[in-house]
Amino acid sequence: MANQFKAQGAEAITPELAMELRQLVFGTSAIPMRAEWTQTPFTFGSPKEEYAYGLRSPRNATRGLLSVVQGFVVKHLLFARKTTRAAAMADPLSPTADMQRDALISALIEILRIIADKDKVVMVLPSPDDECFVDHSALYFHDGVTEKLYIFTLNQNEELEFFIKRHFKVFTEEASPGTLLFLYSAVLTRTMGRVRSDLDSTKVVPLTMSNNEEGSLMIVTLLLTGRATPYIHNGVVNVGDENSYAVPQYGVLNRCAIGLMLWEGESGQSNLVARQPGSRLKTPNYPIWITLCAGHFGVMFNRNPDLLRNYHAESRFDLYYYSCSGREILMTIDNRSYNDQATGMLERQMSTTETTSLSGKPKDDKEEIKEELAVNTPLQKLIHTKWEEAQVRFHAQPSTLSYLFSTQQ
């Protein structure tokens, strides 16, 4: 099998490249990365299950990467041209196994093409014969994957599609390092020199560096925009003061196919303006957003491809929120009735205060909890970063809202 790899033009990874790759992505080659990177594949739920369109994974550092791939899976399922009448009639969010496979392949290909721009795509696969090309040492600690890689250079069209279809199981088999292989492929396609520059040459940080348990924002920007920038504003901003030269910070240079929405929690409010995505991420080409909300990655989307092109369509519409924990929330966004809502809430608050003071009886606990979640849920605060005056109605149990943004899911 290794001979077949070589016949396809693959080259074994060198010790120098393995060490540099680990250092750039994870910060060091002297200790292995967190185990989830070598054990998390791209996996859907069963086509017979609820939310069969969704990738599934435990909560770990691969969630950011998986959420971006999930966004492109949704894009393919909802908005790709259907080739048969049966496919056009089927509910795209209840895909068959074949539809799941096609959507995932299309998602991986599209992301790599965004990163490659017009250059070649570089992909990696582990040696099928379990060969090891890097010696274990004090400078390089084996992780079971990196030191066994073969590297393939492919054109963006037939070669890339054929390659992913042929080796699809390597990325999706149970406990395979599918997410790590795809991350390495993305980095090598961008080239390590460019990724290092994207990360900001004034700082030495690894691609996966993050205070967030579910992954790095730089991985998300690499897959969404083709550049691993930590900056999510539009264009280039020169930052400096009277004591130093202005340094350019390169944000998002083009409008993205899929967007990004961010709410960091109350502790991040002082920096919220600086951290808010620019319009090229907030208003993407398709109504799909990768979300980072109170430390949790997810995907939010609407079924109407013209939602962001039609002012009237944004007056009232539904949004789906999906987490790779396998949970979905449907909500209705209403931008029409902010003034009526505000007046009504004030009147209800005054009425409740008067009623409570007269009767001495507080509201029912369940009702109070439900209202508190509806008003203060992190998901609502995330939505208000884009639709500031929207009324949000959740079609979900309070327990689901609570679970999705807990530390346990």
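Here the structure is a predicted model, which is why all the values come from computation and not from measurement.
Between the Asn335 side chain and the Glu314 main chain, a donor and an acceptor come within less than 3.5 Å of each other. Using a distance-only test at 3.5 Å, with no hydrogens or angles considered, a donor-acceptor pair links the side chain of Ser315 to the main chain of His312. Side-chain atoms of Arg22 come within 3.5 Å of backbone atoms of Ile31 as a donor-acceptor pair (strictly under, hydrogens ignored). Checked by atom type and distance alone, the side chain of Arg303 never pairs as donor or acceptor with a backbone atom of Leu78 at under 3.5 Å. The closest donor-acceptor contact from the side chain of Thr208 to the backbone of Val25 lies under 3.5 Å. A donor-acceptor pair under 3.5 Å links the side-chain atoms of Gln100 to the main chain of Gly45, judged by distance alone. Remark: the backbone N or O of Gly251 is not paired with any side-chain donor or acceptor of Thr229 at under 3.5 angstrom. With Gln156 contributing its side chain and Asp117 its backbone, the two residues share a donor-acceptor pair below 3.5 Å. Between the side chain of Asp129 and the main chain of Glu131, no donor-acceptor pair closer than 3.5 Å is present. Between the side chain of Ser29 and the main chain of Gln23, no donor-acceptor pair closer than 3.5 Å is present.
When the shell of 6.0 Å around CE of Met192 is examined, it contains more than 12 heavy atoms from other residues, nucleotides or ligands. Counting non-hydrogen atoms of other residues, nucleotides and ligands closer than 6.0 Å to CG of Asp135 gives a total of 12 or fewer. More than 12 heavy atoms of other residues, nucleotides or ligands shown are found within 6.0 angstrom of CZ on Phe317. Crowding of Glu11 atom CD: a count of heavy atoms from other residues, nucleotides or ligands under 6.0 Å not exceeding 12.
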Given side-chain contact (heavy atoms from CB on, under 4.5 Å), test Leu223 with Phe72 step by step and report yes or no.
CA-CA 10 Å; Leu223 304 188; Phe72 282 92; 5.8 Å; no
Would Leu379 and Thr291 count as a side-chain contact (heavy atoms from CB on, under 4.5 Å) here? Give the steps.
CA-CA 9 Å; Leu379 200 52; Thr291 63; 5.7 Å; no
Candidate pair Gln70 and Tyr322, rule side chain to side chain donor-acceptor pair (under 3.5 Å), full reasoning
CA-CA 9 Å; Gln70 178 67 69; Tyr322 179 78; 4.8 Å; no
Apply side chain to side chain donor-acceptor pair (under 3.5 Å) to residues Arg63 and Ser57 and explain how you reach the verdict.
CA-CA 7 Å; Arg63 276 273 182 97; Ser57 80; 3.3 Å; yes
Check the pair Leu207, Leu183 against side-chain contact (heavy atoms from CB on, under 4.5 Å), reporting the backbone distance first and the verdict last.
CA-CA 10 Å; Leu207 179 62; Leu183 178 59; 3.9 Å; yes
side-chain contact (heavy atoms from CB on, under 4.5 Å) for Met99 and Thr96? Distances and angles first, verdict last.
CA-CA 5 Å; Met99 290 169 66; Thr96 63; 3.3 Å; yes
Applying salt bridge (charged side-chain N to carboxylate O under 4.0 Å, His left out) to Asp119 and Arg194, what does each step give before you reach the verdict?
CA-CA 13 Å; Asp119 292 334; Arg194 288 175 179 168; 3.4 Å; yes
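For the side-chain contact (heavy atoms from CB on, under 4.5 Å) criterion with Thr179, the lone passing option out of Leu66, Thr38, Asn60, Val69 is Leu66. When each of Lys386, Arg255, Arg309 is paired with Thr283, the side chain to side chain donor-acceptor pair (under 3.5 Å) condition holds for Lys386 and for no other.
Using a 4.5 Å heavy-atom cutoff, the side chains of His136 and Glu147 are not in contact. Residues Leu262 and Leu281 fail the side-chain proximity criterion, which asks for heavy atoms closer than 4.5 Å. With a 4.5 Å cut-off on side-chain heavy atoms, Leu104 and Phe44 count as touching. Within the 4.5 Å cutoff, no side-chain heavy atoms of Thr28 are placed close to those of Phe141. Between Phe26 and Pro206, every side-chain heavy-atom pair lies at or beyond the 4.5 Å cut-off. Put simply, the side chain of Val121 does not reach to within 4.5 Å of the side chain of Ile115, judged on heavy atoms. Side chains of Cys324 and Phe297 form no contact here, defined as non-hydrogen atoms less than 4.5 Å apart. Between Val392 and Leu319 there is no side-chain heavy-atom pair separated by less than 4.5 Å.
Aromatic rings of Phe301 and Phe79 (six-membered ring for Trp) have centroids beyond the 6.0 Å cut-off, not under it.
Nearest heavy-atom pair across Thr225 and Cys256 is CG2-SG, 3.7 Å. The minimum heavy-atom distance between Pro287 and Leu308, with the atom names listed, is CA-CD1, 4.1 Å. Between Val252 and Asn254, the shortest heavy-atom contact is CG1-O, 3.2 Å. Pairing each heavy atom of Arg113 with each of Asn157, the nearest pair is NH2-CA, 3.7 Å. The minimum heavy-atom distance linking Ala18 with Val134 is given by the pair CB-CG2, 3.7 Å. Closest of all the heavy-atom pairs between Tyr140 and His142 is CE2-CD2, 3.6 Å.
Atom NZ of Lys165 is separated from atom CD of Glu161 by 4.0 Å, given to the nearest 0.5 angstrom. From Leu224, atom CG reaches atom CD1 of Ile219 across 12.0 Å, with rounding to the nearest 0.5 Å. Note that NE2 of His76 is 16.0 Å distant from OH of Tyr53, once rounded to the nearest 0.5 Å. Interatomic distance, Leu160 CG to Ser185 OG, rounded to the nearest 0.5 Å: 9.5 Å. The line from OG of Ser67 to CD1 of Ile258 is 11.5 Å long, rounded to the nearest 0.5 Å. Here the CZ atom belonging to Arg101 is positioned 10.5 Å from the OG atom belonging to Ser106, to the nearest 0.5 angstrom.
Side chains of Arg56 and Tyr51: a donor-acceptor N/O pair is absent below 3.5 angstrom, by distance only. Side-chain contact annotation: Thr332 with Asp318, donor-acceptor N/O pair under 3.5 Å present. No side-chain donor-acceptor contact under 3.5 Å links Ser210 and Asn212. Side chain to side chain, Tyr250 and Ser197 fail the donor-acceptor criterion of an N or O pair below 3.5 Å.
Ring geometry for His233 versus Tyr231: interplanar angle under 30°, hence parallel rather than tilted (30 to 60°). Using bins of under 30°, 30° to 60° and over 60° for the plane-to-plane angle, the ring pair Phe42/Phe171 lands in the tilted bin. Relative orientation of the Tyr150 and Phe152 rings is tilted, given thresholds of 30° and 60° on the angle between their planes.
Ion pairing between a basic and an acidic side chain is recognised when a charged N comes within 4.0 Å of a carboxylate O; Glu20 and Arg196 show such pairing.
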